[in-house]
Amino acid sequence: TLERGSNGWAFDFQNKKLIYDPNFFAERGYNMQETLFATTHELMAHCGELLRDPELILKEAKRYSRKEQLHLLYNIFEDVLGNRRIVAELPFLEETRTKLYEEKLFPQTDYRKNASHVQFAYGFIREMMVGGKPVELGSEARQALEKLRTFGEDQIDILDLVTTPSIEPKDRFQIMRSIVEPIYLELYQKDLEEEKKKGSKKDSGKGGESGPANQPPQEGRGGQVDKKQEFGKSKKKWWQRNKDKDKGGSKPGEEPGKPP
């Protein structure tokens, strides 16, 4: 079903509801082609995927939505899957997609100040949507992505496989849970350990305060960030804070926008 809203676009998996905001894109300077792509994204990336296997999609969404780090991972991968499906069926939107991600959604090209698991997620979507223009990532995040690009003895590109439009949902989730998720969570655990060490140093008077993250707002349930997130009113998780503030901190205007 469709429901008009005022806080952006999103897909509510549990209630099978597409929430739309007719003013969202115009207020942010999107042209007609960009608005068409973003609207189509909600239909193909989220609503369309749900219709392929409603029971499984809802079950998996309920599982990964309980933890923000998993919600981030799965939403990013589903966004890439949906965007590839759009371009496969509507090739004339490929240039619009690339320009949108490069200039408005992910203009940032250096993610090394972010936690490693965030670097992994944002580096993946940025490079998939803007081909031929690698971004700067820390060694651990880059190695994790490269490992998935040439996985196992057969050198399978897992990142391509799980975002191929024709992949069956059950196969996609099986690969995500058994291969991608463990590698990603290994990065997350290292980030968590690093944060705990910094907390110990801070308690003993040896550390400084963490600043705001130099990263895009986290993914919502189906797409655009709501206005509370957009203006920084929501409480940030530890990994959304800039871990290198003591080295200079983030600069105004460096945050990428929210991916559709």
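For the numbers below, each heavy atom of this structure counts, side chains included, while hydrogens, waters and symmetry mates do not.
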Q: Could you go through the side-chain hydrogen bond (donor to acceptor under 3.5 Å, both in side chains) check for N75 and Y64 one step at a time?
A: CA-CA 9 Å; N75 229 334; Y64 66 66; 5.7 Å; no
Q. Going through the checks in order, is the side chain to side chain contact (heavy atoms under 4.5 Å, CB included) test met by L148 and V162?
A. CA-CA 11 Å; L148 289 168; V162 295; over 6 Å; no
Q: Go through R142 and E127 one step at a time and tell me if the salt bridge (Lys or Arg N to Asp or Glu O under 4.0 Å) criterion holds.
A: CA-CA 12 Å; R142 177 58 68 191; E127 293 181 346; 2.7 Å; yes
**Q.** CA sep, side-chain torsions, deciding dist, call: F37, E94, side chain to side chain contact (heavy atoms under 4.5 Å, CB included)
**A.** CA-CA 9 Å; F37 178 87; E94 182 173 10; over 6 Å; no
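The line from CG of N31 to CG of L100 is 8.5 Å long, rounded to the nearest 0.5 Å. Here the CG atom belonging to L72 is positioned 14.5 Å from the NZ atom belonging to K67, to the nearest 0.5 angstrom. Interatomic distance, I76 CD1 to I125 CD1, rounded to the nearest 0.5 Å: 4.0 Å. For the atom pair K197 NZ and L192 CG, the distance stands at 11.5 Å (nearest 0.5 Å). Between the NE2 atom of H41 and the CG atom of L93 there is a distance of 13.0 Å, given to the nearest 0.5 Å. Considering CD of Q174 and CD of E168, their distance stands at 12.5 Å, rounded to 0.5 Å.
A salt bridge does not link R84 with E89: every distance from a Lys NZ or Arg NE/NH1/NH2 to an Asp or Glu carboxylate oxygen is 4.0 Å or more. Salt bridge present: E194 and K198 bring a charged side-chain N and a carboxylate O closer than 4.0 Å. Taking a cutoff of 4.0 Å between a charged side-chain nitrogen and a carboxylate oxygen, E34 and K99 do not qualify as a salt bridge. Under 4.0 Å is where a charged nitrogen must lie from a carboxylate oxygen, and between R63 and E181 at least one such pair does. The existence of a salt bridge linking E140 and K190 is confirmed by a sub-4.0 Å separation between a basic side-chain nitrogen and an acidic carboxylate oxygen.
Considering only heavy atoms from C-beta on, E146 stays 4.5 Å or farther from F151 through its side chain. A 4.5 Å side-chain heavy-atom check between T150 and D157 finds every atom pair outside the cut-off. Counting only heavy atoms from C-beta outward, the side chains of R52 and I57 never approach each other to under 4.5 Å. With a 4.5 Å cut-off on side-chain heavy atoms, R66 and H71 do not count as touching. By the 4.5 Å heavy-atom criterion applied to side chains, L36 and Y30 are not counted as neighbours. Using a 4.5 Å heavy-atom threshold, the side chains of L73 and M176 count as touching. For the pair Y122 and V135, the minimum side-chain heavy-atom distance is 4.5 Å or more. Put simply, the side chain of L81 reaches to within 4.5 Å of the side chain of R172, judged on heavy atoms.
In terms of heavy atoms, Q119 sits closest to Y111 at CG-O, 3.0 Å. Between F106 and R126, the shortest heavy-atom distance links the atoms O-NE, 2.6 Å. Heavy-atom minimum distance, A141 versus F120: CB-N, 3.9 Å. The two atoms that bring T163 and F77 nearest to each other are CG2-O, 3.7 Å, heavy atoms only. When all heavy atoms of R97 and V87 are compared, the pair lying nearest together is NH1-CG2, 3.6 Å. For the pair L159 and L145, the tightest heavy-atom approach, listed with the atom from each and the gap, is CD1-O, 3.8 Å.
Panel note: side chain N83, backbone D79; a donor-acceptor pair is recorded below 3.5 Å. Listed for the Q108 side chain is a donor-acceptor partner under 3.5 Å among the backbone atoms of D110. Listed for the Q155 side chain is a donor-acceptor partner under 3.5 Å among the backbone atoms of G152. A donor-acceptor pair is defined here as one N or O able to donate and one able to accept, closer than 3.5 Å; no such pair exists between the side chain of D53 and the backbone of P169.
F92 and M129 fall within a single hydrophobic cluster, where Ile, Leu, Val, Met, Phe, Trp and Tyr are joined by side-chain heavy atoms under 4.5 Å apart, directly or via other members.
Using the six-membered ring where Trp is involved, Y184 and H117 have ring planes that are perpendicular, over 60° apart on the 30 and 60° scheme.
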